[in-house]
Amino acid sequence: MTVTMTEVIEVAKTGRSRCRTCRQAIDKGALRFGEEQPSAFSDEMQMAWHHLACAARKRPAQVREALSRFEGDIPGREEVEKSLSEAEETVPAYPYAERAPTGRSKCLHCAKPIDKGALRVAVEREVEVAGMTRAGAGYLHPGCAREFTGTEDLVARLRKNSRKLGDADREELERALSE
Ligand SMILES: [Zn+2]
Ligand SMILES: [Zn+2]
């Protein structure tokens, strides 16, 4: 799994796209947020579109990133910002690192358990629940994380996303990642 997702915000050129969050049509001329996803029907990537406000609630980290690159006007910007800050409190930005609260998680890479209290790296993955796919967290030993994710800037991303870790924990994490 290599994380090379492309996210954009743009003005909808037609009224034909449908929001993946609320399933309603996205009006022509409205702002929409798109992220590249593997297509279920071919090897090519395709764009999945959301209303900007819907995406802000669901994928705050990606929308914040895309917003910083968008140069046009954002109608209802205040509302978007409000949804973003609310969602950032509850929706984790992946990948992030934390101390394992229990000893029950297993590493996605080596399949060995992750000790309670040990540092672990959480990544987003699709999980099947009762026939529906939904996004959930998967966990990795820091030493397994780089190989598993293939993410070049893993350390930088973890530094940004792991707000709950103290300085000593961060140092320990970065040492473990470079082993
Ligand atoms: Zn929507
Ligand atoms: Zn492992």
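From a predicted model like this one, the values you see are computed outputs, not experimental measurements. In each ligand, atom 1 is the first atom listed, and ligand 1 is the first ligand listed.
- The Zn ion (ligand 2) lies at 2.8 Å or more from every N, O or S atom belonging to His109.
- Checked by atom type, the side-chain pair Ser162/Arg170 shows no donor-acceptor distance below 3.5 Å.
- In the hydrophobic clustering of this structure, Val11 does not group with Met47; members are Ile, Leu, Val, Met, Phe, Trp, Tyr whose side-chain heavy atoms approach within less than 4.5 Å, directly or through other members.
- Inside a sphere of radius 2.8 Å centred on the Zn ion (ligand 1), the protein N/O/S atoms present are Cys19 SG, Cys22 SG, His51 ND1, Cys54 SG.
- Using cut-offs of 30° and 60° on the angle between ring planes, the pair His50 and Phe33 is tilted.
- Under the 4.5 Å side-chain criterion, counting only non-hydrogen atoms from C-beta, Arg104 is not in contact with Ile114.
- Under the salt bridge (Lys or Arg N to Asp or Glu O under 4.0 Å) test applied with Glu65, the options Lys160, Arg59, Arg157 reduce to a single match, Lys160.
- At least one side-chain heavy atom of His51 sits under 4.5 Å from a side-chain heavy atom of Cys22.
- Of the candidates Arg125, Glu98, Lys106, Glu98 is the only one forming a side-chain contact (heavy atoms from CB on, under 4.5 Å) with Tyr139.
- As for His141, its N/O/S atom nearest the Zn ion (ligand 2) is the one called ND1.
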